[in-house]
Amino acid sequence: MSSTQTLLKTLLQNPSSITSKSQAKQLHAQIIKTKPTTNSASLLSIILSIYTNLNLYHESLILFNTLHSPPTLAWKSIIRFYTFNGLFIKSLAAFVEMRASGKYPDHNVFPSVLKSCTHLMDLRFGESVHGYITHLGMDFDLYTGNALMNMYSKLQSLDKHGGCGNIAAEVLDKSPNSRKTDKCGSSFVDFDKLNGNDMHNESSCSNSYELIDKFEKHVDDGDPIGCSKNMSYTLARNNTHRVVFDHLHGKNDMVMRNGQKGALHADSIRKVFEMMPNRDLVSWNTVIAGNAQNGMYGEALEMVREMGNANLQPDSFTLSSVLPIFAAKVDVVKGKEIHGYAIRHGFDTNVYIGSSLIDMYANCTRVEDSCRLFNLLPHRDSVSWNSIIAGCVQNGLFDEGLKLFRRMLLAKVKPSPVSFSSIMPAFAHLTTLHLGKQLHGYIIRGGFDDNMFIASSLVDMYAKCGNIKIARWIFNSMEQHDMVSCTAMIMGCALHGHAHEAITFFEKMETEGVKPNSVAYVAVLTACSHAKLVNEAWQYFNSMIHDYGIAPCLEHYAAVADLLGRAGRLEEAYEFISGMHVRPLGSVWSTLLAACRVHKNIELAEKVAEKIFTADPDNMGAFVVLSNTYSAAGRWKDAAKLRTTMRNNGVRKKPACSWIEVKNKVHAFVAGDESHPYFDRINEVLKVLLELMEREGYVPDTNEVFHDVEEEQKRDLLCSHSERLAIAFGIITTPAGMTIRVTKNLQRIVDCHVATKFISKIVGREIIVRDNSRFHHFSDGKCSCGDYW
DNA sequence: ATAGGGTTAG
């Protein structure tokens with residue numbers, strides 16, 4: 001009896017002295033046992049505040065639900081608890097209920113409530129809370145002020161993009177008794193499960209494939225029911241807290257990230273900041289971060305200086321807001337200064353600073369520095385891994401990125417949506433469809449496939465890996481499109497020679513109110529170029545300059561020059577390139593040289609080659625193309641002379657190689673390759689094919705190859721070039737009627753192209769060949785490229 | 001009450 005009273009006394013005087021779960025539960029039990037007639041609710045509230053401070057999930061919820069008329073302390077505790085655990089809607093619901101029950105919040109509650117509004121991106125609700133805060137005169141509270149500024153800086157320009165409006169209000173309207181029908185517990189567990197799609201489990205790979213195969217089949221059937229969306233819906237949408245789920249998985253990021261330019265709430269932020277009687281480091285950091293994240297770099301840096309005047313030193317929070325500015329401005333000198341400051345203050349081992357530094361160096365193309373930093377980090381979290389992976393991939397180190405991705409999984413770090421959208425471009429560039437598909441499987445099962453970044457990267461990956469059908473399907477099933485996803489789709493169409501479709505997508509984008517940028521124009525001009533749509537290209541080129549005020553850069557000029565070349569308007573192309581506002585690189589001239597080869601214009605070819613040799617003396621490819629131009633026009637002597645020069649200069653032609661993916665395994669072939677275990681069967685097939693092809697009228701075109709060998713040999717060599725070996729292998733190993741997909745590392749020669757057309761007709765198969773610049777769809781003796789490549 | 005990482009570009 002007396003011990004109980006002592007305990008209760010201690011408890012009442014100093015609740016924070018209770019530091020363990022068992023202590024807290026003991027006290028709780030005591031109270032229940034003694035059944036105090038007075039103050040029962042307030043004693044239980046104190047227990048609740050201890051539970052919530054210890055973040056004891058079930059204990060807190062069960063206790064709260066037993067309170068019929070929770071006192072203010074209980075409300076405060078539970079609201080904080082909900083916010084802390086990411087149950088933002090619950091938190092706001094509790095706040096509303098608290099008010100409805102006639103209890104008044106104090107300044108301790110508002111930071112949690114405002115944080116919930118911020119995470120739910122519910123500006124309207126937040127503003128009304130702000131009004132209430134002002135009404136109560138609590139906007140002078142330091143923490144509340146900081147939370148207000150944070151909310152306005154995060155929800156900047158939400159209005160412009162529609163935002164999420166009244167999520168909270170809607171939910172609140174519907175669930176006045178949300179507390180009674182509480183499902184937080186189960187939702188929390190479910191959520192964990194969702195996160196735990198186990199990337200570390202090797203055996204789950206086969207499931208992934210099955211999933212994607214099913215997916216592919218649905219797309220082929222043109223019946224998207226049961227596809228990705230529904231699969232992920234069953235997994236993810238069953239969640240009663242979808243909004244929270246979305247938020248934590250970055251879906252709603254888009255809205256925030258889109259608001260780069262607007263300064264819609266800058267005034268609100270400044271007003272709060274200036275009204276505050278006291279400002280601490282957090283206040284400054286919040287405003288600085290707000291400015292930095294909204295693209296107001298100058299203001300952010302200015303505030304760092306002002307902060308110094310107020311005798312406050314930048315801390316790790318300040319630095320991690322400032323570093324992205326120098327990353328964006330590609331200012332490695334300033335970035336390094338910050339790095340130095342971080343080292344001097346011992347911040348360089350901080351994960352936040354670490355990943356910002358990794359990103360900054362990578363953005364300044366100093367990936368080696370990023371890697372060094374990464375290896376020196378004493379502790380790495382998911383973001384550090386994502387930073388280094390993205391850094392590598394963005395700098396073209398795809399294999400390194402892949403290695404790091406695997407290392408991340410081995411280190412048992414769960415990949416996040418950011419991991420997926422960072423690594424996916426590596427598969428796109430490496431054309432490793434099997435890896436891309438595998439990752440797509442994980443993405444579907446994790447329910448991440450509606451993330452804009454991921455969906456865009458998937459569209460791009462499938463297009464680049466040759467499956468334009470799936471790319472198109474994913475694009476069409478996206479809920480909204482932005483400039484990036486549209487550009488990926490347009491470029492995908494361009495890559496596959498579907499110029500008109502590309503233009504349709506471009507126009508749809510414009511009518512949907514998505515503003516094209518410079519990259520989008522590169523894509524649409526590339527599409528025009530592949531289909532020789534000269535007039536359309538000019539129209540886009542001019543509209544870009546005059547309607548959108550985008551200055552043409554090298555890529556746009558290159559696309560137009562390429563187009564003129566393809567259309568046979570060689571002189572015009574030459575004039576166009578000569579008159580460019582940007583100094584043409586060798587590569588621009590190279591496209592014209594290739595055009596000269598196709599149109600057999602030797603005079604211009606020589607002139608252009610000269611330009612290449614002066615602009616870019618290391619560009620040895622020009623020798624090869626020029627030599628081929630001579631050959632194609634039958635000027636053997638010139639070709640031979642050039643080849644001698646090449647040899648003397650140590651120029652070696654890159655060996656041509658073709659590869660084909662069968663059953664998720666890549667089979668590579670080089671010309672005359674006899675090492676493949678299937679070689680005999682391949683040879684047999686090729687013999688039969690040649691006979692049939694010749695019966696159909698095929699005549700080997702030996703002009704462009706091997707002038708040093710006998711005519712007889714030339715024919716044999718042609719018939720065993722790498723593309724044909726790969727196709728023959730595909731014919732043997734894949735079921736009849738199935739599309740054969742082959743990739744080639746170089747531009748193909750005329751004979752090669754012609755032969756593949758014949759083969760597609762004879763075997764009655766669709767054959768898709770990707771060469772160094774685009775996809776060629778062969779079927780029934782025709783090619784989608786219009787025989788220009 | 002404040003922080004870091006992502007998709008398109010021959």
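Throughout, protein chains are lettered first and strands after them, A, B, ... in sequence-line order, and every chain is numbered starting at 1.
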*Asks:* Please report, rounded to the nearest Å, how far the P atom of B:dT2 is from the CE atom of A:M276.
*Replies:* 13 Å
*Asks:* Please report, rounded to the nearest Å, how far the P atom of B:dG4 is from the CD1 atom of A:I389.
*Replies:*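 In whole Å, B:dG4 P lies 19 Å from A:I389 CD1.
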*Asks:* Would you please indicate yes or no on a ring centroid separation below 6.0 angstrom for A:F506 and A:Y521?
*Replies:*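 Yes, the ring centres sit under 6.0 Å apart.
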*Asks:* Which residues satisfy the ring pair (Phe, Tyr, Trp, His ring centres under 6.0 Å) test with A:F427, sequence neighbours excluded?
*Replies:* none
*Asks:* Just to be sure I understand the rule, does A:A390 reach a base, reach only the sugar-phosphate, or reach nothing, if contact means heavy atoms closer than 4.0 Å?
*Replies:* sugar-phosphate
*Asks:* Would you mind reporting whether A:Y352 and A:L319 have side-chain heavy atoms less than 4.5 Å apart?
*Replies:*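 They are not in contact (no side-chain heavy atoms under 4.5 Å apart), so the answer is no.
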*Asks:* Measure the distance from CD1 on A:I454 to P on B:dG6 and round it to the nearest whole Å.
*Replies:* 14 Å
*Asks:* Sequence neighbours left out, what passes salt bridge (Lys or Arg N to Asp or Glu O under 4.0 Å) with A:D106? Give chain and number order.
*Replies:*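 Testing A:D106 for salt bridge (Lys or Arg N to Asp or Glu O under 4.0 Å), a comparison that skips the adjacent residues, returns A:K76.
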*Asks:* Can you find an N or O donor on one side and an acceptor on the other, under 3.5 Å apart, linking the side chain of A:N350 with the base of B:dG4?
*Replies:*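 No, the side chain and the base share no sub-3.5 Å donor-acceptor pair.
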*Asks:* Looking at A:Q293, I'd like to know whether one of its side-chain N or O atoms comes within less than 4.0 Å of OP1 or OP2 on B:dG4.
*Replies:*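 So the side chain of A:Q293 is within the cut-off, an N or O lying under 4.0 Å from OP1 or OP2 of B:dG4.
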*Asks:* What residues form a ring pair (Phe, Tyr, Trp, His ring centres under 6.0 Å) with A:Y557, not counting sequence neighbours?
*Replies:*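 Listed in chain order: A:F541, A:F576.
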*Asks:* Can you identify which nucleotide, out of B:dA1, B:dG4, B:dA9, has its nearest atom closest to the A:D381 side chain?
*Replies:*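 In terms of side-chain proximity for A:D381, the closest of B:dA1, B:dG4, B:dA9 is B:dG4.
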*Asks:* Quick check: any donor-acceptor pair below 3.5 Å linking the side-chain of A:S355 to the base of B:dG4?
*Replies:*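 Answer is yes: a donor-acceptor pair is held.
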*Asks:* Using a cut-off of 6.0 Å, state whether more than 12 heavy atoms not belonging to A:Q480 lie near its atom CD.
*Replies:*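 At most 12 heavy atoms, drawn from other residues, nucleotides or ligands, come within 6.0 Å of this atom.
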*Asks:* Less than 3.5 Å between a donor and an acceptor, one on the side chain of A:D562 and one on the base of B:dG10, is that the case here?
*Replies:* no
*Asks:* Return the value, rounded to whole Å, for the distance between atom CZ of A:F317 and atom C1' of B:dT2.
*Replies:* 6 Å
*Asks:* Heavy atoms from C-beta onward define the side chain here; which of B:dT8, B:dG4, B:dG6 lies closest to that of A:S422?
*Replies:*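 Comparing B:dT8, B:dG4, B:dG6 against the side chain of A:S422, the answer is B:dG6.
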*Asks:* Compare the minimum distances between each of B:dA1, B:dG4, B:dG6 and the side chain of A:P111, then state the nucleotide with the smallest one.
*Replies:* B:dA1
*Asks:* What is the distance, to the nearest angstrom, from the CH2 atom on A:W589 to the P atom on B:dG10?
*Replies:*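 Answer to the nearest Å: 20 Å.
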*Asks:* So, using salt bridge (Lys or Arg N to Asp or Glu O under 4.0 Å) as the criterion, who are the partners of A:D369 when residues are at least two apart?
*Replies:*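 So A:D369 forms a salt bridge (Lys or Arg N to Asp or Glu O under 4.0 Å) with A:R366, A:R372.
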*Asks:* Rounded to the Å, how far apart are A:I423 CD1 and B:dG6 P?
*Replies:*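 Distance check: A:I423 CD1 to B:dG6 P gives 14 Å.
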*Asks:* Could you tell me how far apart A:F448 (CZ) and B:dT7 (P) are, to the nearest whole angstrom?
*Replies:* 17 Å
*Asks:* Counting distance alone, no hydrogens or angles: does the base of B:dG6 have a donor or acceptor under 3.5 Å from a partner atom on the side chain of A:S421?
*Replies:* yes
*Asks:* Is any side-chain nitrogen or oxygen of A:N150 closer than 4.0 Å to OP1 or OP2 of B:dA1?
*Replies:* no
*Asks:* Identify whether any heavy atom of A:S320 sits under 4.0 Å from a base atom; if not, whether one sits that close to sugar-phosphate; answer base, sugar-phosphate or nothing.
*Replies:* base
*Asks:* Mind checking salt bridge (Lys or Arg N to Asp or Glu O under 4.0 Å) for A:E501 and listing every partner two or more places apart, or none if nothing turns up?
*Replies:*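 Here the qualifying residues are A:R472.
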*Asks:* Distance check needed: B:dT7 P versus A:E479 CD, whole Å only.
*Replies:*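 The answer, rounded to whole Å, is 21 Å.
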*Asks:* Have a look at A:T144 and say if it touches a base, only the backbone sugar-phosphate, or nothing, with a 4.0 Å heavy-atom cut-off.
*Replies:* nothing
*Asks:* Can you find a donor-acceptor N/O pair under 3.5 angstrom joining the side chain of A:S457 to the base of B:dT7?
*Replies:*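 No pair found.
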*Asks:* Within residues 279-289 of chain A, which residues have any heavy atom lying less than 4.0 Å from an atom of DNA chain B?
*Replies:*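 Residues of residues 279-289 of chain A that come under 4.0 Å of DNA chain B are, in numerical order, A:D280, A:V282, A:N285, A:T286.
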*Asks:* Check this one for me: any side-chain N or O of A:K464 less than 4.0 Å away from OP1 or OP2 of B:dG10?
*Replies:*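 No, A:K464 has no side-chain N/O under 4.0 Å of OP1/OP2 on B:dG10.
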*Asks:* Using the side-chain heavy atoms of A:T526, tell me which of these nucleotides is nearest: B:dA1, B:dG4, B:dG10.
*Replies:* B:dG10
